[in-house]
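Heads up: the structure comes next, in structure tokens.
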Amino acid sequence: MDTDSSTPTESGLSCARCGKPAYLQCPKCVELKLPQEGSTFCTQDCFKISWSSHKLVHPKSKLANVRSAHSEQSLDGWLYCLKNGQARTSKLPHFGWTGALRPCPISKRRLVPDGVEKPDWSIDGIPKTELNSDLQNIVEIKTPEQIELMRETCRIAREVLDAAACIIRPGITTDEIDEVVHQATIAAGGYPSPLNYHFFPKSCCTSVNEVICHGIPDARKLKDGDIVNVDVTVYYKGVHGDLNETFFVGEVDEASQQLVRCTYECLEKAISIVKPGVRYREVGEVISRHATMSGFSVVKSYCGHGIGELFHCTPNIPHYGRNKAVGIMKAGQTFTIEPMINAGVWRDRLWPDGWTAVTADGKRSAQFEHTLLVTETGVEVLTARVPSSPDVFPWLKLNHP
Ligand SMILES: [Zn+2]
Ligand SMILES: [Zn+2]
């Protein structure tokens, strides 16, 4: 930058990349009337370096306009999902619903452009390599080259989740979240891993209130006071990166805020013990101790998993105490930890769509997930928050003086 005598005025905001005081705002963001937060930078250099990830916030605002044009549109061609995504019906199925939430119709399948490298389930719904791989029995030690690819893909997955987080508010549908995830993923050159995985019909999972995990994005509008988990997995350069967060919709009651915060802490505490030599079964002990202490319970049916060239592989990492997981952590291994914590009982039920896991008592459930790398000295959180990640968790704001 040239040293003009007049100093540019500080906006009071910080650089979306490095956190230093910001002096300029992305012109595209100005044109699209996007919020200043996340669109300001300290220097042209930081702006240029951030561009490939920062630009992901732009298509979603174009989508915002498309969406408002769409919002009065009828649900022609939208149907309820049945049987693991392999069937559709026009009527709400019969089921002993455990809480107030009901499935809503889902939109038609979203397309992925020809140029994007796709996993082997994209056409017929069957992950053939994954089902037949040796990596279901042995935990792979990744090479430095594989690790570098994982870093890149996980960083994209993080940015995709952040783009979704930015649109969450009362009145938007979970299908609109799916559209943002889908568009941001393909804009980055990736494939949304959940799409058609074992016939899953959408590009991410959206789990509202009593949904524990694997909720299918649908026509339901988020309501003030809801909580919603968005689980994003991106396939890029031959590897997967997987993360999720639970967000507040408008003003959320105190009990739900505590549940979500406790779940966040459970993941943090679990990550803090990760290093070579630690037993995989220890993860569940740490999580279960913190959840129980806060009066919550831990889901047993769904676990963390190995990840890399495969979306799900060994190790299997339970989040509950006294589990029987085998093996110890070694440098170069990559896996997820993704505790699901319930306000009431730990037991789950499955909706007739074959995917949506809900709490047996209809009380709320929250989840957070990261993809992790075991290093020589500890752990690297491959899907960690970045300076541009939206400031949506009140307990993190306390750390900013
Ligand atoms: Zn996962
Ligand atoms: Zn996930």
Side-chain angles (χ1 to χ4, degrees), residues 119 121 127 130 135-136 139-140 150 153-165 174 177-178 180-182 184-185 190-198 200-208 211-217 227-236 239-247 260 263-264 266-267 270-271 274 280 283-284 287 298-320 325 333-341 348 355-357 365-374 379 381-385 389:
W121 57 81
E130 190 165 296
L135 299 181
Q136 300 307 348
V139 186
E140 186 178 30
M150 291 285 293
T153 301
C154 286
R155 166 82 192 217
I156 294 172
R158 158 54 64 187
E159 284 157 358
V160 170
L161 180 64
D162 288 350
T174 48
I177 297 173
D178 186 70
V180 168
V181 167
H182 186 87
T185 302
Y191 178 94
S193 312
L195 184 61
N196 212 28
Y197 179 74
H198 290 288
F200 188 82
K202 292 288 152 196
S203 300
C204 65
C205 299
T206 52
S207 300
V208 175
V211 180
I212 292 168
C213 63
H214 302 165
I216 302 172
I227 58 172
V228 59
N229 177 279
V230 181
D231 193 339
V232 165
T233 310
V234 169
Y235 181 67
Y236 180 71
V239 297
H240 299 271
D242 186 3
L243 81 164
N244 73 53
E245 290 178 339
T246 301
F247 303 106
V260 173
T263 309
Y264 183 95
C266 281
L267 176 56
I271 292 171
V274 173
Y280 280 111
V283 168
I287 291 168
V298 182
V299 170
K300 296 190 176 183
S301 303
Y302 300 89
C303 297
H305 51 91
I307 185 165
E309 275 97 27
L310 305 179
F311 186 178
H312 296 101
C313 54
T314 195
N316 184 58
I317 306 175
H319 305 111
Y320 53 91
Q333 295 176 338
T334 53
F335 54 83
T336 73
I337 300 180
E338 45 183 304
M340 287 141 273
I341 306 298
D348 56 280
W355 281 107
T356 309
S365 182
Q367 182 181 23
F368 283 86
E369 173 179 29
H370 276 304
T371 297
L372 308 169
L373 164 72
V374 185
V379 60
V381 182
L382 299 175
T383 46
R385 292 170 62 81
S389 295

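Keep in mind it's a predicted model, so treat the numbers as computed, not measured. One-based numbering, in listed order, for ligands and for the atoms of each.
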Spell out, as yes or no, whether a donor-acceptor pair under 3.5 Å connects the side chain of T383 to the backbone of H370.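 The answer is no, because no donor-acceptor pair under 3.5 Å joins these two groups.
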
How long is the straight-line distance from CD1 of I177 back to CG of L161, given to the nearest 0.5 Å?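 Going from the CG atom of L161 to the CD1 atom of I177 covers 10.0 Å.
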
Do the side-chain N and O atoms of D242 and T371 include a donor-acceptor pair separated by under 3.5 angstrom?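 On atom types as modelled, these side chains do not qualify, holding no pair under 3.5 Å.
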
Any heavy-atom pair between the side chains of H312 and H198 that's under 4.5 Å?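 A side-chain contact is absent here, since even the closest heavy-atom pair is not under 4.5 Å.
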
What do the steps show when you test Q136 against L310 for side chain to side chain contact (heavy atoms under 4.5 Å, CB included), and what is the final call? CA-CA 9 Å; Q136 300 307 348; L310 305 179; 4.0 Å; yes

What protein atoms of element N, O or S are positioned under 2.8 Å from the Zn ion (ligand 1)?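 N, O, S partners closer than 2.8 Å: D242 OD2, H305 NE2, E338 OE2, E369 OE2.
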
Counterpart residues, salt bridge (charged side-chain N to carboxylate O under 4.0 Å, His left out), relative to E309 (two or more places apart):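 Scan of E309 (salt bridge (charged side-chain N to carboxylate O under 4.0 Å, His left out), adjacent residues dropped) gives none.
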
